[in-house]
Amino acid sequence: MPTLLFRSPSDPAGTWSDALRRRDPGLDVRVWPDTGAVDDIEYALIWASPDGFLHELPALRVVFSLGAGVDHLMGAEVPEGVELVRMVDPALTEGMIEYVTYQVLRRHRHMADYEHQQAAAEWRIHPQARPGERRIGLLGLGELGGACARTLSGLGFDVAGWARSEYEIPGVESVSGDDGLDWLLGRSDIVICLLPLTGQTRGILNGTRFRRMSPGATLINAARGQHLVEDDLLIALGEGRLGHAVLDAFRDEPLPLDHAFWRHPHITVTPHIASLTNPETGAEAVVRGIHADQADQPIPHRIDRGRGY
Ligand code: GLV
C-alpha cells in the first residue's frame, strides 16, 4: 500500500485526505505531524518544505506540489534523486482564467472608474473600445498563460504572448527572446505576468521594462512577487508611465500592513487568491501521478530541475 505524507500550512488537511482516500482507498495518507514511522513514506504532497523535513524520509520517491509554481522547492529542500511534480489541476486553470479575465474586463470597461464615480454621484461616460482594439500581452504561455491567452483571444481581444519558446496558439501571436519581449511590452495596453519564477525571470518586471511599455498601460502580476521590482513599479506609477497595477503575489506575504501597495490609488491588491488548488480535482491529479509511478510509467508534469519549471 503506497504511503503519502500531506503537509501544508493553509490547505485543509481533512478535506485533502478524504479526497485522496476516496480516489484510492488503498492509499495510506498521513497528515503532518502525525506521520507514524516515516521509513515507508514514498510520496509527499506539500506546499513548502520548512525545516528540511523531506530529508528525514528515507524512502521518499516523489514530491507533489500543492501549487502550480514550484520555485520555492527548487533548492536543496527536495533531496536529490527525488522527483518533483507541479500541480496541474483543471480547477486551478479555471480559477486563473476567471481572475485574469475579470481584471482585464474591469480595466477594459472602466469599472474601477465607474465605482469611484458612483461614490461621488458622478454621471460620466467613458468611451467603449471594442476588444479587438485592446492589445493584451501575456508573459508566459504555459498551462495557465496559454489557457488565459486562448480565453481572451476568444473574447475578441488582440492577444500576443511571450515565452521561452514559441507556442502555437490559434489567434495568438507568440514571440520569444529579448526582441520579442520588447515588442510585446511596447504594443500591449495590458501586460499579464504568468511566468514561472526562475533565475531568468526573477525581477523581470523592472524599470527598464516599464520604460518599454506603452504609456498608461496596466500590469497584472498573478505569478510571483519576486518577478516584480517593487520600487521600480512605484516610480513608474508615480511618473504616470504605467496607469495601473493589479497584484496578487508579493515578495513578502502576507503583504506587510505598512506596505505602500495597500493604499496606492493605482494599485489593486488581492491576497494571493488568483487561483487556489481544488482538493477534489487536485487529489485526482496526485492519485493519477502515484498510479503512474507505481506502474513504472512517467508521472505527468514532472519538473525539469535544471530548467527550473
Ligand atoms: C500559487 O501561487 C500556485 O503556485 O499554485
Side-chain angles (χ1 to χ4, degrees), residues 6-13 15-16 19-20 44-50 54 62-75 77-78 83-103 138-149 151 163-164 192-205 219-228 230 245-255 261 268-286 288-289 299-305 307-309:
F6 179 91
R7 181 174 182 179
S8 166
S10 50
D11 300 270
T15 314
W16 272 93
L20 288 159
L45 174 57
I46 61 169
W47 167 247
S49 170
L54 293 177
V62 183
V63 170
F64 293 93
S65 162
L66 280 158
V70 289
D71 41 282
H72 51 299
L73 294 170
M74 291 307 296
E77 295 84 1
V78 177
E83 297 272 17
L84 176 58
V85 178
R86 73 200 163 94
M87 181 58 71
V88 174
D89 154 26
L92 190 69
T93 308
E94 281 160 17
M96 190 57 86
I97 291 173
E98 287 173 0
Y99 182 87
V100 164
T101 306
Y102 171 79
Q103 298 295 354
L138 274 143
L139 304 180
L141 285 174
E143 199 65 35
L144 299 176
C148 291
T151 301
R164 187 170 144 134
I192 303 162
C193 178
L194 282 171
L195 288 165
L197 182 67
T198 67
Q200 282 78 48
T201 65
R202 187 175 296 272
I204 192 166
L205 306 173
L219 171 72
I220 300 175
N221 184 21
R224 286 289 182 263
Q226 291 85 346
H227 284 120
L228 175 69
E230 296 189 344
V246 175
L247 306 175
D248 183 60
F250 304 89
R251 206 175 47 199
D252 298 318
E253 294 184 4
L255 186 63
F261 288 173
T268 301
V269 167
T270 53
H272 207 139
I273 49 72
S275 190
L276 305 175
T277 306
N278 177 290
E280 292 302 326
T281 47
E284 198 163 305
V286 171
R288 207 178 310 123
I299 306 175
H301 311 301
R302 275 171 309 161
I303 295 297
D304 175 340
R305 289 169 78 178
R307 194 177 63 163
Y309 60 96

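Positions are given from 1 along the sequence. Whatever order the structure lists ligands and atoms in, that order sets their numbers, starting from 1. Bear in mind that the values here come from a model prediction, so they are computed numbers and not experimental data.
In terms of protein heavy-atom proximity, atom 2 (O) of ligand 1 is nearest to His272 NE2, 2.6 Å. At the top of the distance list for atom 5 (O) of ligand 1, counting protein heavy atoms only, stands Ala68 N, 2.7 Å.
The shortest distance between side-chain heavy atoms of Thr198 and Asp71 does not fall below 4.5 Å. Looking at Pro9 and Trp47, their side chains come closer than 4.5 Å, going by heavy atoms from C-beta outward.
Between Leu73 and Leu84, the shortest heavy-atom contact is O-CD2, 3.7 Å.
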Practice item. Evaluate the criterion side-chain contact (heavy atoms from CB on, under 4.5 Å) for residue pair Ile192 and Cys148; output intermediate values, then yes/no. Key: CA-CA 10 Å; Ile192 303 162; Cys148 291; 6.0 Å; no

Practice item. Begin from the C-alpha positions of Val269 and Phe250 and carry the test side-chain contact (heavy atoms from CB on, under 4.5 Å) through to its verdict. Key: CA-CA 9 Å; Val269 167; Phe250 304 89; 3.7 Å; yes

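Remark: ligand 1 and Arg224 share an N or O pair separated by less than 3.5 Å (distance only, no angle test). Of the N or O atoms in Gly69, one or more lie within a sub-3.5 Å distance of an N or O in ligand 1.
Residue Gly67 has at least one heavy-atom neighbour below 4.0 Å for each of these atoms of ligand 1: 3 (C), 4 (O), 5 (O).
The residue Met87 has no part lying near ligand 1, judged by heavy-atom distances below 4.0 Å.
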